[in-house]
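In what follows, a structure is listed as C-alpha coordinates, so that the remarks can point back to it.
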Amino acid sequence: MSTAADGANDAQPRPSATAPVAARSDEPLVRAVNVMKSFGKHEVLKGIDLDVHPGEVVVLLGPSGSGKTTFLRCINQLETIDGGRIWVDGDLMGYADKGGQLHRLTDRKIAAQRREIGMVFQRFNLFPHMTALENVMEAPVQVKGVGKAEAKAEAERLLERVGLGDKTKHYPSQLSGGQQQRVAIARALAMQPKLMLFDEPTSALDPELVGEVLAVMKELAKDGMTMVVVTHEMSFARDVADRVVFMDAGVVVETGAPRDVINNPQHERTRSFLSRIRSEHEAIAALVDDELL
Ligand SMILES: Nc1ncnc2c1ncn2[C@@H]1O[C@H](COP(=O)(O)OP(=O)(O)OP(=O)(O)O)[C@@H](O)[C@H]1O
Ligand SMILES: [Mg+2]
(Lines give C-alpha, C1' and ligand atoms only; values in the text may rest on other atoms or scores of the structure.)
(Ligands and ions follow the chains in the order given, each with its own letter.)
Protein backbone atom coordinates (compact mmCIF):
# COMPACT_ATOMS: atom_id res chain seq x y z
CA MET A 1 0.00 0.00 0.00
CA SER A 2 1.20 3.48 -0.71
CA THR A 3 -0.20 6.94 -0.46
CA ALA A 4 0.42 7.37 -4.17
CA ALA A 5 -1.78 4.41 -4.96
CA ASP A 6 -4.43 5.94 -2.78
CA GLY A 7 -3.83 8.87 -4.90
CA ALA A 8 -5.98 11.81 -3.91
CA ASN A 9 -3.14 13.91 -2.75
CA ASP A 10 0.17 14.99 -4.11
CA ALA A 11 1.55 13.93 -0.75
CA GLN A 12 3.98 11.08 -0.53
CA PRO A 13 5.26 10.23 2.94
CA ARG A 14 6.38 13.64 3.96
CA PRO A 15 9.38 14.69 5.96
CA SER A 16 8.39 15.93 9.36
CA ALA A 17 9.03 19.41 10.58
CA THR A 18 7.39 18.68 13.91
CA ALA A 19 8.60 15.44 15.25
CA PRO A 20 11.19 13.05 14.06
CA VAL A 21 9.10 10.40 12.33
CA ALA A 22 11.55 7.73 13.22
CA ALA A 23 9.56 4.88 11.77
CA ARG A 24 10.80 3.18 8.66
CA SER A 25 8.67 4.69 5.94
CA ASP A 26 7.79 1.31 4.47
CA GLU A 27 6.42 0.10 7.81
CA PRO A 28 3.09 1.38 9.06
CA LEU A 29 3.31 3.76 11.97
CA VAL A 30 0.00 2.41 13.21
CA ARG A 31 -0.99 -1.16 12.61
CA ALA A 32 -4.31 -2.32 14.01
CA VAL A 33 -5.20 -5.94 13.44
CA ASN A 34 -8.61 -7.41 14.23
CA VAL A 35 -9.24 -5.00 17.10
CA MET A 36 -12.23 -5.94 19.21
CA LYS A 37 -13.84 -4.08 22.03
CA SER A 38 -17.03 -4.70 23.97
CA PHE A 39 -18.72 -2.76 26.72
CA GLY A 40 -20.54 -5.46 28.64
CA LYS A 41 -22.49 -7.40 26.04
CA HIS A 42 -22.31 -4.61 23.51
CA GLU A 43 -19.70 -5.42 20.86
CA VAL A 44 -18.55 -1.99 19.75
CA LEU A 45 -15.51 -2.91 17.64
CA LYS A 46 -15.87 -6.17 15.76
CA GLY A 47 -12.45 -6.67 14.26
CA ILE A 48 -10.98 -3.43 12.95
CA ASP A 49 -7.93 -3.58 10.69
CA LEU A 50 -6.11 -0.40 9.83
CA ASP A 51 -2.59 0.50 8.74
CA VAL A 52 -1.47 4.11 8.79
CA HIS A 53 1.87 4.89 7.22
CA PRO A 54 4.23 7.62 8.40
CA GLY A 55 3.06 10.97 7.12
CA GLU A 56 -0.32 9.64 6.13
CA VAL A 57 -3.58 11.38 7.02
CA VAL A 58 -6.51 9.03 7.50
CA VAL A 59 -10.01 10.38 8.00
CA LEU A 60 -12.43 8.12 9.87
CA LEU A 61 -16.07 8.59 8.98
CA GLY A 62 -19.11 6.88 10.31
CA PRO A 63 -22.48 7.34 11.95
CA SER A 64 -22.89 8.07 15.63
CA GLY A 65 -22.19 4.99 17.70
CA SER A 66 -20.18 3.23 14.99
CA GLY A 67 -17.13 3.04 17.26
CA LYS A 68 -14.89 5.84 15.93
CA THR A 69 -14.08 7.37 19.32
CA THR A 70 -13.67 3.96 20.90
CA PHE A 71 -11.19 2.99 18.21
CA LEU A 72 -9.12 6.15 18.73
CA ARG A 73 -9.22 5.56 22.48
CA CYS A 74 -7.98 2.01 21.92
CA ILE A 75 -5.05 3.25 19.81
CA ASN A 76 -4.19 5.66 22.60
CA GLN A 77 -4.66 3.07 25.36
CA LEU A 78 -7.48 4.98 27.00
CA GLU A 79 -9.39 1.72 26.54
CA THR A 80 -8.07 -1.81 26.76
CA ILE A 81 -8.92 -4.05 23.83
CA ASP A 82 -10.56 -7.46 24.10
CA GLY A 83 -9.04 -8.93 20.98
CA GLY A 84 -6.56 -8.16 18.24
CA ARG A 85 -3.44 -6.06 18.48
CA ILE A 86 -2.33 -2.49 17.92
CA TRP A 87 1.21 -1.45 17.19
CA VAL A 88 2.43 2.13 17.09
CA ASP A 89 5.86 2.60 15.59
CA GLY A 90 6.55 -1.08 16.08
CA ASP A 91 5.55 -1.12 19.78
CA LEU A 92 2.71 -3.41 20.76
CA MET A 93 0.40 -1.09 22.66
CA GLY A 94 -0.38 -2.06 26.24
CA TYR A 95 1.24 -5.46 26.17
CA ALA A 96 4.50 -7.33 25.96
CA ASP A 97 4.41 -10.35 23.71
CA LYS A 98 6.39 -13.13 25.37
CA GLY A 99 6.39 -16.14 23.12
CA GLY A 100 2.88 -15.47 21.89
CA GLN A 101 1.56 -14.79 25.41
CA LEU A 102 0.44 -11.24 26.04
CA HIS A 103 1.38 -9.66 29.34
CA ARG A 104 -0.13 -6.33 30.31
CA LEU A 105 2.53 -3.64 30.61
CA THR A 106 2.92 -1.68 33.81
CA ASP A 107 1.03 1.62 34.06
CA ARG A 108 4.35 3.38 33.80
CA LYS A 109 5.21 1.72 30.50
CA ILE A 110 1.72 2.36 29.14
CA ALA A 111 2.03 6.02 30.12
CA ALA A 112 5.33 6.14 28.21
CA GLN A 113 3.64 4.69 25.12
CA ARG A 114 0.79 7.16 25.41
CA ARG A 115 3.18 10.10 25.55
CA GLU A 116 4.13 9.38 21.94
CA ILE A 117 0.56 10.03 20.81
CA GLY A 118 -1.17 13.39 20.80
CA MET A 119 -4.92 13.50 21.10
CA VAL A 120 -7.25 16.39 20.41
CA PHE A 121 -10.86 16.06 21.48
CA GLN A 122 -14.08 17.78 20.58
CA ARG A 123 -13.87 19.67 23.89
CA PHE A 124 -10.58 21.40 24.37
CA ASN A 125 -10.09 20.56 28.07
CA LEU A 126 -7.59 23.33 28.66
CA PHE A 127 -6.65 24.15 32.25
CA PRO A 128 -8.83 27.20 32.94
CA HIS A 129 -6.46 28.72 35.49
CA MET A 130 -3.49 28.67 33.14
CA THR A 131 -2.65 30.95 30.25
CA ALA A 132 -2.32 29.57 26.73
CA LEU A 133 1.45 29.51 27.20
CA GLU A 134 1.23 27.71 30.55
CA ASN A 135 -1.19 25.17 29.11
CA VAL A 136 1.27 24.33 26.35
CA MET A 137 4.29 24.22 28.70
CA GLU A 138 2.63 22.11 31.36
CA ALA A 139 3.16 18.55 30.10
CA PRO A 140 6.73 18.98 28.82
CA VAL A 141 7.74 20.46 32.21
CA GLN A 142 5.71 18.16 34.48
CA VAL A 143 5.85 14.92 32.53
CA LYS A 144 9.05 15.10 30.54
CA GLY A 145 11.09 17.22 32.94
CA VAL A 146 11.97 19.79 30.28
CA GLY A 147 13.47 22.97 31.74
CA LYS A 148 11.09 25.91 32.03
CA ALA A 149 13.00 28.24 29.73
CA GLU A 150 13.22 25.63 27.00
CA ALA A 151 9.56 24.65 27.40
CA LYS A 152 8.53 28.29 27.24
CA ALA A 153 10.50 28.94 24.06
CA GLU A 154 9.00 25.85 22.46
CA ALA A 155 5.48 26.77 23.61
CA GLU A 156 5.89 30.24 22.11
CA ARG A 157 7.04 28.71 18.85
CA LEU A 158 4.09 26.31 18.79
CA LEU A 159 1.54 29.01 19.62
CA GLU A 160 3.02 31.11 16.85
CA ARG A 161 2.68 28.13 14.55
CA VAL A 162 -1.04 27.77 15.27
CA GLY A 163 -1.50 31.49 14.71
CA LEU A 164 -1.70 32.53 18.36
CA GLY A 165 1.63 34.24 18.87
CA ASP A 166 -0.21 37.29 20.20
CA LYS A 167 -2.41 35.33 22.64
CA THR A 168 0.18 33.57 24.78
CA LYS A 169 -0.88 35.36 27.97
CA HIS A 170 -4.60 34.87 27.47
CA TYR A 171 -6.61 32.50 29.65
CA PRO A 172 -8.96 30.01 27.96
CA SER A 173 -11.99 32.09 28.97
CA GLN A 174 -10.51 35.00 27.01
CA LEU A 175 -10.20 32.94 23.83
CA SER A 176 -12.75 31.87 21.25
CA GLY A 177 -13.55 28.19 20.80
CA GLY A 178 -11.40 28.05 17.67
CA GLN A 179 -8.51 29.69 19.47
CA GLN A 180 -8.86 27.32 22.43
CA GLN A 181 -8.81 24.35 20.09
CA ARG A 182 -5.65 25.68 18.45
CA VAL A 183 -4.06 25.96 21.91
CA ALA A 184 -5.11 22.34 22.49
CA ILE A 185 -3.36 21.34 19.26
CA ALA A 186 -0.21 23.25 20.29
CA ARG A 187 -0.38 21.55 23.69
CA ALA A 188 -0.48 18.12 22.06
CA LEU A 189 2.40 19.04 19.73
CA ALA A 190 4.51 20.17 22.67
CA MET A 191 5.04 16.52 23.59
CA GLN A 192 6.52 15.89 20.13
CA PRO A 193 4.13 13.08 19.31
CA LYS A 194 4.75 10.56 16.56
CA LEU A 195 1.06 10.41 15.86
CA MET A 196 -1.86 12.77 16.30
CA LEU A 197 -5.41 11.57 16.86
CA PHE A 198 -8.24 14.04 16.38
CA ASP A 199 -11.76 13.24 17.54
CA GLU A 200 -14.21 15.63 15.89
CA PRO A 201 -11.99 18.62 16.69
CA THR A 202 -14.34 21.13 15.09
CA SER A 203 -17.76 19.79 15.95
CA ALA A 204 -18.17 21.89 19.11
CA LEU A 205 -17.25 25.09 17.27
CA ASP A 206 -19.44 27.76 15.78
CA PRO A 207 -19.38 27.25 12.00
CA GLU A 208 -17.37 30.41 11.36
CA LEU A 209 -14.53 29.13 13.61
CA VAL A 210 -14.19 25.72 11.98
CA GLY A 211 -11.96 26.93 9.15
CA GLU A 212 -9.16 28.28 11.35
CA VAL A 213 -8.78 24.94 13.15
CA LEU A 214 -8.90 22.94 9.92
CA ALA A 215 -6.26 25.26 8.46
CA VAL A 216 -3.90 24.45 11.34
CA MET A 217 -4.53 20.74 10.87
CA LYS A 218 -3.90 21.08 7.16
CA GLU A 219 -0.54 22.73 7.83
CA LEU A 220 0.33 19.96 10.24
CA ALA A 221 -0.46 17.38 7.58
CA LYS A 222 1.65 19.27 5.09
CA ASP A 223 4.56 19.21 7.52
CA GLY A 224 4.40 15.42 7.59
CA MET A 225 2.52 14.62 10.78
CA THR A 226 0.83 11.24 10.79
CA MET A 227 -2.80 11.85 11.64
CA VAL A 228 -5.98 9.89 12.23
CA VAL A 229 -8.90 12.29 12.16
CA VAL A 230 -12.52 11.65 12.98
CA THR A 231 -14.44 14.43 11.29
CA HIS A 232 -17.54 15.09 9.26
CA GLU A 233 -15.79 17.93 7.43
CA MET A 234 -15.87 16.55 3.90
CA SER A 235 -13.78 19.38 2.48
CA PHE A 236 -10.98 18.45 4.88
CA ALA A 237 -11.32 14.77 3.98
CA ARG A 238 -11.26 15.59 0.28
CA ASP A 239 -8.37 18.08 0.38
CA VAL A 240 -6.13 16.70 3.09
CA ALA A 241 -6.73 13.00 3.67
CA ASP A 242 -4.69 10.39 1.89
CA ARG A 243 -7.33 7.85 2.76
CA VAL A 244 -10.87 7.77 4.06
CA VAL A 245 -12.14 4.91 6.17
CA PHE A 246 -15.89 4.51 6.59
CA MET A 247 -16.95 2.59 9.71
CA ASP A 248 -20.40 1.40 10.64
CA ALA A 249 -21.49 -0.74 13.59
CA GLY A 250 -17.96 -1.60 14.61
CA VAL A 251 -16.61 -2.70 11.24
CA VAL A 252 -14.75 -0.99 8.42
CA VAL A 253 -17.25 -0.94 5.57
CA GLU A 254 -15.19 0.83 2.96
CA THR A 255 -11.80 2.44 2.59
CA GLY A 256 -10.10 4.25 -0.24
CA ALA A 257 -8.95 7.53 -1.70
CA PRO A 258 -11.16 10.40 -0.51
CA ARG A 259 -12.52 11.19 -3.94
CA ASP A 260 -13.48 7.58 -4.54
CA VAL A 261 -15.18 7.06 -1.19
CA ILE A 262 -16.87 10.46 -1.09
CA ASN A 263 -17.89 10.79 -4.73
CA ASN A 264 -18.37 7.19 -5.62
CA PRO A 265 -19.11 5.10 -2.52
CA GLN A 266 -19.43 1.40 -3.19
CA HIS A 267 -21.66 0.51 -0.30
CA GLU A 268 -25.21 1.55 0.42
CA ARG A 269 -24.36 2.28 4.07
CA THR A 270 -21.67 4.72 2.96
CA ARG A 271 -24.00 6.34 0.45
CA SER A 272 -26.79 6.92 2.95
CA PHE A 273 -24.36 8.26 5.57
CA LEU A 274 -22.80 10.71 3.11
CA SER A 275 -26.13 11.98 1.86
CA ARG A 276 -27.23 12.57 5.46
CA ILE A 277 -24.01 14.48 6.18
CA ARG A 278 -24.49 16.55 3.04
CA SER A 279 -28.00 17.59 3.99
CA GLU A 280 -26.85 18.49 7.53
CA HIS A 281 -24.07 20.64 6.08
CA GLU A 282 -26.44 22.35 3.70
CA ALA A 283 -28.81 23.11 6.59
CA ILE A 284 -25.94 24.62 8.61
CA ALA A 285 -24.71 26.61 5.61
CA ALA A 286 -28.23 28.00 5.14
CA LEU A 287 -28.37 29.03 8.81
CA VAL A 288 -25.01 30.79 8.57
CA ASP A 289 -26.14 32.55 5.39
CA ASP A 290 -29.33 33.66 7.15
CA GLU A 291 -27.31 35.10 10.01
CA LEU A 292 -25.08 36.96 7.60
CA LEU A 293 -27.96 38.47 5.67
N1 LIG B 1 -17.42 3.64 28.34
C2 LIG B 1 -18.45 3.09 27.69
N3 LIG B 1 -19.30 2.27 28.31
C4 LIG B 1 -20.34 1.69 27.66
N5 LIG B 1 -20.62 1.89 26.36
C6 LIG B 1 -19.81 2.72 25.69
C7 LIG B 1 -18.69 3.37 26.31
N8 LIG B 1 -18.06 4.13 25.38
C9 LIG B 1 -18.76 3.98 24.23
N10 LIG B 1 -19.80 3.13 24.42
C11 LIG B 1 -20.75 2.71 23.38
O12 LIG B 1 -20.02 2.25 22.27
C13 LIG B 1 -20.65 2.62 21.06
C14 LIG B 1 -19.65 3.35 20.18
O15 LIG B 1 -19.36 4.59 20.79
P16 LIG B 1 -18.33 5.60 20.16
O17 LIG B 1 -18.31 6.76 21.09
O18 LIG B 1 -17.07 4.91 19.87
O19 LIG B 1 -19.06 5.97 18.80
P20 LIG B 1 -18.71 7.12 17.75
O21 LIG B 1 -18.63 6.46 16.42
O22 LIG B 1 -17.54 7.89 18.21
O23 LIG B 1 -20.04 8.01 17.79
P24 LIG B 1 -20.22 9.62 17.70
O25 LIG B 1 -20.19 9.95 16.23
O26 LIG B 1 -21.56 9.86 18.30
O27 LIG B 1 -19.11 10.26 18.47
C28 LIG B 1 -21.86 3.46 21.45
O29 LIG B 1 -23.00 2.64 21.40
C30 LIG B 1 -21.57 3.87 22.86
O31 LIG B 1 -22.74 4.05 23.59
MG1 LIG C 1 -17.24 9.83 18.80
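Atom set for the values below is all heavy atoms of this structure, side chains included, hydrogens, waters and symmetry mates excluded. Being a predicted model, the structure only gives us computed values, none of them experimental. Remember, it's 1-based here, ligands and their atoms both numbered in the order they're listed.
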Is there a donor in the side chain of [X] and an acceptor in the side chain of [Y], or the other way round, less than 3.5 Å apart?
X: D199; Y: T69; result: yes
X: S38; Y: E43; result: no
X: T226; Y: E56; result: no

Task: hydrophobic_cluster_shared for M130 and V136, side chain cutoff 4.5 Å - done: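 V136 and M130: separate clusters.
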Open item on the list: Using 30° and 60° as the class boundaries, would you call the ring planes of F273 and H232 parallel, tilted or perpendicular?
Closed with: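 Taking H232 first and then F273, their aromatic rings stand perpendicular (interplane angle over 60°).
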Open item on the list: Let's test this: below 2.8 Å, count the protein N/O/S atoms around the Mg ion (ligand 2).
Closed with: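 Count of protein N, O, S atoms less than 2.8 Å from the Mg ion (ligand 2): 1.
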Open item on the list: Taking non-hydrogen atoms within less than 4.0 Å of ligand 1, which protein residues qualify?
Closed with: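 Heavy-atom contacts below 4.0 Å: F39, H42, V44, P63, S64, G65, S66, G67, K68, T69, T70, E200.
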Open item on the list: Do the side chains of D223 and R161 get close enough for a salt bridge, i.e. N-O under 4.0 angstrom?
Closed with: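 Answer for the salt bridge query: yes.
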Open item on the list: Could you tell me if R269 sits above the aromatic ring of F246, with its cationic atom closer than 6.0 Å to the ring centre and no more than 45 degrees from the axis?
Closed with: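 Output no; distance or angle outside limits.
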Task: K109, NZ: over 12 other non-hydrogen atoms inside 6.0 angstrom - done: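 For K109, atom NZ is not crowded (no more than 12 foreign heavy atoms under 6.0 Å).
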TODO: Take R114 and M119 through the side chain to side chain contact (heavy atoms under 4.5 Å, CB included) test and state the conclusion after the steps.
DONE: CA-CA 10 Å; R114 292 195 51 217; M119 188 147 179; over 6 Å; no
